[in-house]
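One structure is given here, and the rest of the page talks about it.
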Amino acid sequence: MDIFEGNKKLEAAIFQALDYALYTRHAIGEPFIPVLMLYTGEEIQRIRLAGRGDPNDLFEEKLRNSVESYDYIVWCCEGKVPHGGTKQDAVLVKGFDTSLPQGFLFAQRFQGIETGGRFKKLGNPALLSKTEPLPVPLVSRADEEEFEEPFISGMVIKDPDGRVSRVVIAGHYSASVLSPLLFDAVIGTLREAEPNFSGQYTFNFVPDTLQDNPLNQFILQQLFQDLQDHATVQQWESRSKRKLQITLEFNPGKGPIALARSTGGTASSGPSGDGKAKPWWKFW
């Protein structure tokens with residue numbers, strides 16, 4: 001069932017925010033400063049809101065004081081959600097299409113580096129609510145812009161020794177939009193992999209689409225982790241005695257980038273995050 005009822009722009013904005021929040025949090029051991037994302041046409045404003053109290057109040061106050069109107073509004077903060085009889089850390093994302101009276105609330109559980117291990121997503125994003133009241137007046141948009149659909153294709157490469165590798169050609173500005181398609185492409189081909197398949201995939205991104213930057217590399221590294229955790233990949237690796245490997249080729253880029261396989265150690269160094277916030281709010 002499509003909970004977004006075909007609203008692909010809102011869906012993309014929410015999942016981009018989830019990825020952005022995870023990226024912001026992955027290399028720091030404390031809650032990140034809440035982020036408000038405001039979409040107008042093709043422009044996105046990101047505003048960080050530091051303060052005490054419920055972040056929802058801070059977001060809504062900021063919006064009440066704004067004289068602008070927006071197409072989509074998304075905000076991210078950190079809290080805890082119940083799971084298996086305990087409360088676990090999670091990034092929380094609310095998203096709104098301002099032409100609709102209600103929005104969505106999602107949570108993504110995670111394990112932070114403050115636990116002594118590597119940063120790790122726990123499970124999949126969970127829908128907590130699809131009846132969040134719009135925090136601004138309704139906006140009438142008669143001419144909705146079309147969503148830019150992602151492009152994906154592939155080919156098989158055979159070397160002179162008969163070993164097979166696969167190239168997945170993909171194009172879109174958002175790694176969050178491409179990730180599910182890349183995931184399905186790998187799982188689909190592994191289920192019917194050639195006997196001499198090496199396990200090597202190259203993700204080749206169409207020129208002038210996905211940018212070579214740390215955020216996109218982080219999202220694709222998380223995708224690689226999700227693939228390594230999937231039963232289809234584990235069964236293929238056990239049966240073939242080979243390992244799944246993924247290399248990124250951005251166009252333009254700095255050259256091929258080999259994604260690292262999980263070792264179960266501590267998280268590698270990365271961006272220092274957006275400041276050191278104290279845990280001022282918990283979602284129960």
Side-chain angles (χ1 to χ4, degrees), residues 8 12 15-16 18-20 22-23 26-27 118-121 124 147-265 267-271:
K8 294 183 179 181
F15 283 95
Q16 287 167 14
L18 280 165
D19 284 335
Y20 183 80
L22 291 171
Y23 171 72
H26 85 279
R118 62 182 176 84
F119 181 88
K120 185 177 181 180
K121 292 190 303 181
N124 295 318
F147 178 73
E148 182 182 338
E149 294 287 350
F151 168 82
I152 189 164
S153 183
M155 59 183 176
V156 175
I157 305 295
K158 291 186 179 181
D159 66 21
D161 297 328
R163 286 171 60 87
V164 171
S165 61
R166 286 184 172 270
V167 177
V168 180
I169 302 168
H172 199 267
Y173 67 88
S174 169
S176 303
V177 171
L178 281 176
S179 284
L181 300 178
L182 295 169
F183 182 94
D184 290 344
V186 172
I187 295 300
T189 55
L190 276 184
R191 285 177 175 154
E192 301 177 0
E194 301 85 347
N196 54 350
F197 178 54
S198 65
Q200 176 65 52
Y201 287 85
T202 298
F203 293 167
N204 189 315
F205 300 108
V206 174
D208 300 320
T209 59
L210 196 66
Q211 295 183 4
D212 181 1
N213 60 41
L215 172 59
N216 287 334
Q217 289 186 32
F218 171 81
I219 294 170
L220 295 167
Q221 183 66 58
Q222 293 296 305
L223 165 65
F224 191 26
Q225 179 61 58
D226 290 342
L227 285 166
Q228 291 173 70
D229 292 341
H230 195 274
T232 296
V233 173
Q234 294 174 355
Q235 291 164 7
W236 179 84
E237 291 185 338
S238 176
R239 185 173 62 251
S240 68
K241 308 303 180 186
R242 302 182 183 115
K243 295 293 185 182
L244 175 68
Q245 302 292 336
I246 295 178
T247 299
L248 310 178
E249 289 188 358
F250 293 93
N251 296 295
K254 304 179 184 70
I257 300 169
L259 294 179
R261 288 186 62 90
S262 170
T263 60
S268 61
S269 61

Candidate pair Phe183 and Ile187, rule side-chain contact (heavy atoms from CB on, under 4.5 Å), full reasoning: CA-CA 6 Å; Phe183 182 94; Ile187 295 300; 3.7 Å; yes
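- The side-chain heavy atoms of Val164 and Ile157, taken from C-beta on, include no pair separated by under 4.5 Å.
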Criterion side-chain contact (heavy atoms from CB on, under 4.5 Å) on Leu220 and Leu182, from CA distance to verdict: CA-CA 9 Å; Leu220 295 167; Leu182 295 169; 3.9 Å; yes
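- Counting only heavy atoms from C-beta outward, the side chains of Met155 and Val168 never approach each other to under 4.5 Å.
- Judged purely by atom type and a 3.5 angstrom limit, Ser179 has no side-chain atom pairing as donor or acceptor with the backbone of Ser176.
- Side chain of Asp159 to backbone of Asp161: a donor-acceptor contact under 3.5 angstrom is found.
- Asp229 meets the side chain to side chain donor-acceptor pair (under 3.5 Å) test with Gln225; sequence neighbours excluded.
- Heavy-atom minimum distance, Leu178 versus Pro150: CD2-CB, 3.8 Å.
- Between Pro180 and Phe15, every side-chain heavy-atom pair lies at or beyond the 4.5 Å cut-off.
- A 4.5 Å side-chain heavy-atom check between Glu194 and Val156 finds at least one atom pair inside the cut-off.
- Using a cut-off of 4.0 Å between Lys/Arg side-chain N and Asp/Glu carboxylate O, Arg261 and Glu237 are scored as salt-bridged.
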I'd like a table of donor-acceptor pairs (distance under 3.5 Å, sequence neighbours excluded) in which one partner is a side-chain atom from residues 248-256, with atom names and distances.
{"residue": "Glu249", "atom": "OE1", "partner": "Asn204", "partner atom": "ND2", "Å": "3.2"}
{"residue": "Asn251", "atom": "ND2", "partner": "Asn204", "partner atom": "OD1", "Å": "2.7"}
{"residue": "Asn251", "atom": "ND2", "partner": "Phe205", "partner atom": "O", "Å": "2.7"}

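- Ring pair Phe218/Phe119 is tilted by interplanar angle, where 30° to 60° counts as tilted.
- Formation of a donor-acceptor pair under 3.5 Å by the Ser238 side chain with backbone atoms of Gln234 is not found in this model.
- For the residue pair Thr189/Tyr201, the side-chain donor-acceptor check at 3.5 Å is satisfied.
- Between Thr202 and Gln200, the closest side-chain pair of non-hydrogen atoms falls below 4.5 Å.
- Taking the centre of each ring, Phe151 and His172 stay at or above the 6.0 Å mark.
- Distance check: Trp236 CH2 to Arg239 CZ gives 8.5 Å after rounding to the nearest 0.5 Å.
- Gln222 places none of its side-chain heavy atoms less than 4.5 Å from the side chain of Leu22.
- Inter-residue side-chain proximity for Asn216 and Tyr173 is flagged as unmet; no heavy-atom pair is nearer than 4.5 Å.
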Criterion side-chain contact (heavy atoms from CB on, under 4.5 Å) on Phe197 and Leu190, from CA distance to verdict: CA-CA 9 Å; Phe197 178 54; Leu190 276 184; 3.7 Å; yes
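- The environment of Glu192 atom CD is sparse: at most 12 non-hydrogen atoms of other residues, nucleotides or ligands sit within 6.0 angstrom.
- The OG1 atom of Thr232 sits 10.0 Å away from the CG atom of Leu227 when rounded to the nearest 0.5 Å.
- Val186 has its side chain within reach of Leu244: a pair of non-hydrogen atoms, C-beta onward, lies under 4.5 Å apart.
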Test log, rule side-chain contact (heavy atoms from CB on, under 4.5 Å), inputs Asp212 and Ile257: CA-CA 10 Å; Asp212 181 1; Ile257 300 169; 3.9 Å; yes
